[in-house]
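Report on the structure given below.
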Amino acid sequence: MLLTLAGHPSLRRIGERVELVGLAGGVELSRRSPELRTTDGRVTGPLLDPYISRSPLMLRASEAGDVVIDPMGAGSGVTVDAMQLTGPLTVTAERLARGVVLELGGRVVLLLHAVVGGEEPVPKFGLVGESAGIQQVRREITQAAGLPVPVLIRGPSGSGKELVARALHAASPRAARSYVAINLAALNPGTAIAELFGHVRGSFTGALQSRPGYFREADGGTLFLDEIGEASIEVQAMLLRVLESGEVQPIGGAPARRVDVRVIAATDANLDAAIESGAFRPSLLHRLAGHELVVPPLRDRLDDVPRLLVHFLEQELRRAGQSELFEAMTRDCSRELPTTVMTGLLRHAWPGNVRQLSNVVRRMVGALLAEGDVLGVVEALAAGTVGRTPPAAPTAMPTSTGEPEPGTQVSDAELTAAMRANDWQIAATARQLGVSRNTLYARMKRTGKVRKARDLPRDELAGLYAQQGGDLAAMAGLLGVSLRALQLRLRELELVP
């Protein structure tokens, strides 16, 4: 059984973990124990957060393979899968297989999960994560990279199949030669054969010049065929011929040419079902699957979510020119990433896998730079509205239910007082008033007396900055915005370094 540190005031500690040895006799969890390690085995020590209770939780394995979580004297600041822990709780082996989210004192998030298989050191191949699933993928890459056979990568959309293909090429004897990646679903059906296998000038309408084709471009190297399940029957027949003969036949009567290409194919389709329906050739599947490799969905490698979050967060902030903000968050990210953010991410089903997580982090960074708050993105993710087009405004007023909308009974004076008491922070004010962030934003817009930092014009900010001698705290108080949001807006406008 493992505990993986998923949320902590310091970003640099996220991803540390500890194997719970002796769980049958009970293991204490508190600010002082147990000691965690980095994934390469370096001891980093216990949690040591002063806001976590000194009194320990007790984790104990039962004879049935379940784990009992006993709060003992840890107080009320402990939640298990977002539910307050008020007494001993038995967590089933089934829940542990997915991962159980523990939140301590509103400061630290831990994932309690079963460990599967051994953890022999293997190269990382540029793949982010330390879960059992991603370790198995690395072992498979190690085994298959040097084999002179095609590889078929299976896995759901967005799970990282192309990254695995690139890793297979980079670890192979062909690493110094060409790597050509083609998405078969994106090829024009009318010209797919010509694009793959080449054609001579004038061989069909629009063939204004000869083309060698992707197979010849990859000669000596690797050709990655993504979405192989989308290949037409005609393309499948020619792919089979190349795999069997090692020769490509360009369209237009040119002689066949020998090629030395290692083919890696990938799909999220059920090829066995496609064979039954006649949409895919069984002989081609047998040829492609010289070695099969399965990339697990993100929901099956949940302990990698925090590691991927940090990876994508660093990418996006550096891309936005906010490297200093990322470095600051490695020391203390409690304001930018409260525990509710990581709890929400860990409890999401991730139907879009790693690609979806990457997109969510991109939106989080956008919200962080614009508003200084990412909770709205996580709330929208939980509600299933991330990336959706907002519904059109109603043409008529809805029928009143007799109940006032939450937050509408708050007066302008009460709203302003609550914002000031919470240093103009949106999330904290929303919690105090008992409303959602969206409701609070609507209320702010209606009053017209509270502004967002992202709406402040450059001229006004530049003038006030000079007037206050660069005192950002004074500026934030005069403008009625949070200090963090003001700092981000000033950096966005390049008024401060």
Side-chain angles (χ1 to χ4, degrees), residues 144 147-162 164-166 168-169 178-295:
L147 299 177
V149 297
V151 176
L152 178 62
I153 305 172
R154 295 183 187 253
S157 178
S159 57
K161 296 186 291 298
E162 183 169 359
V164 173
R166 289 184 178 277
L168 281 164
H169 172 72
S178 299
Y179 172 85
V180 179
I182 304 300
N183 186 329
L184 293 178
L187 290 183
N188 184 326
T191 60
I193 291 176
E195 292 182 62
L196 284 166
F197 308 108
H199 62 82
V200 297
R201 180 180 177 183
S203 57
F204 56 88
T205 302
L208 302 180
Q209 57 185 2
S210 298
R211 288 281 305 275
Y214 293 125
F215 265 91
R216 286 180 60 193
E217 288 180 11
D219 194 13
T222 301
L223 179 63
F224 175 52
L225 301 175
D226 199 6
E227 303 286 4
I228 189 66
E230 300 296 320
S232 68
I233 289 294
E234 294 76 18
V235 168
Q236 291 177 40
M238 295 195 70
L239 284 174
L240 182 59
R241 183 180 183 279
V242 175
L243 291 171
E244 289 178 338
S245 68
E247 294 182 343
V248 293
Q249 178 68 60
I251 294 176
R257 298 175 180 270
R258 292 200 63 81
V259 290
D260 173 23
V261 175
R262 204 263 183 100
V263 172
I264 300 175
T267 185
D268 61 352
N270 185 338
L271 294 185
D272 299 312
I275 288 172
E276 289 184 12
S277 68
F280 203 84
R281 299 173 64 107
S283 51
L284 178 58
L285 176 58
H286 299 151
R287 278 287 181 179
L288 290 172
H291 186 98
E292 280 201 42
L293 190 156
V294 178
V295 183

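Here the structure is a predicted model, which is why all the values come from computation and not from measurement. The first residue in the sequence is number 1, and the count goes up from there.
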[X] side chain near [Y] side chain, heavy-atom distance below 4.5 Å:
{"X": "L285", "Y": "D272", "answer": "yes"}
{"X": "Y214", "Y": "L187", "answer": "yes"}
{"X": "L168", "Y": "T222", "answer": "no"}
{"X": "V180", "Y": "F215", "answer": "no"}

Separation of K161 NZ from T267 OG1 (nearest 0.5 Å):
7.0 Å
Parallel, tilted or perpendicular: which fits the ring planes of H169 and Y179, with parallel below 30° and perpendicular above 60°?
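Tilted, since the angle between the ring planes falls between 30° and 60°.
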Can you list everything that forms a side-chain hydrogen bond (donor to acceptor under 3.5 Å, both in side chains) with N270? Sequence neighbours excluded, please.
none
Is the CZ atom of R241 crowded by more than 12 outside heavy atoms at less than 6.0 Å?
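Above 12, so yes.
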Please identify which of these residues, L271, L225, I264, meets the side-chain contact (heavy atoms from CB on, under 4.5 Å) condition with L152.
L271
Between [X] and [Y], which heavy-atom pair has the shortest distance, and what is it?
{"X": "S245", "Y": "R258", "value": "O-NH1, 3.2 Å"}
{"X": "S178", "Y": "A218", "value": "CB-CA, 4.2 Å"}
{"X": "V242", "Y": "E247", "value": "CG2-O, 3.3 Å"}
{"X": "E162", "Y": "A181", "value": "OE2-CB, 3.7 Å"}
{"X": "D268", "Y": "S157", "value": "OD2-CB, 3.3 Å"}
{"X": "S159", "Y": "V295", "value": "O-CG1, 3.5 Å"}

Side-chain (R262) to main-chain (V151) donor-acceptor, under 3.5 angstrom
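Judged by distance alone, no pair lies under 3.5 Å.
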Can I get a per-line list of side-chain donor-acceptor pairs under 3.5 Å for residues 227-240, giving both atom names and the distance, sequence neighbours left out?
unit_1	atom_1	unit_2	atom_2	d
S232	OG	E234	OE1	3.4
S232	OG	V235	N	3.2
Q236	OE1	R281	N	2.8
Q236	NE2	A231	O	2.9
Q236	NE2	A279	O	3.0

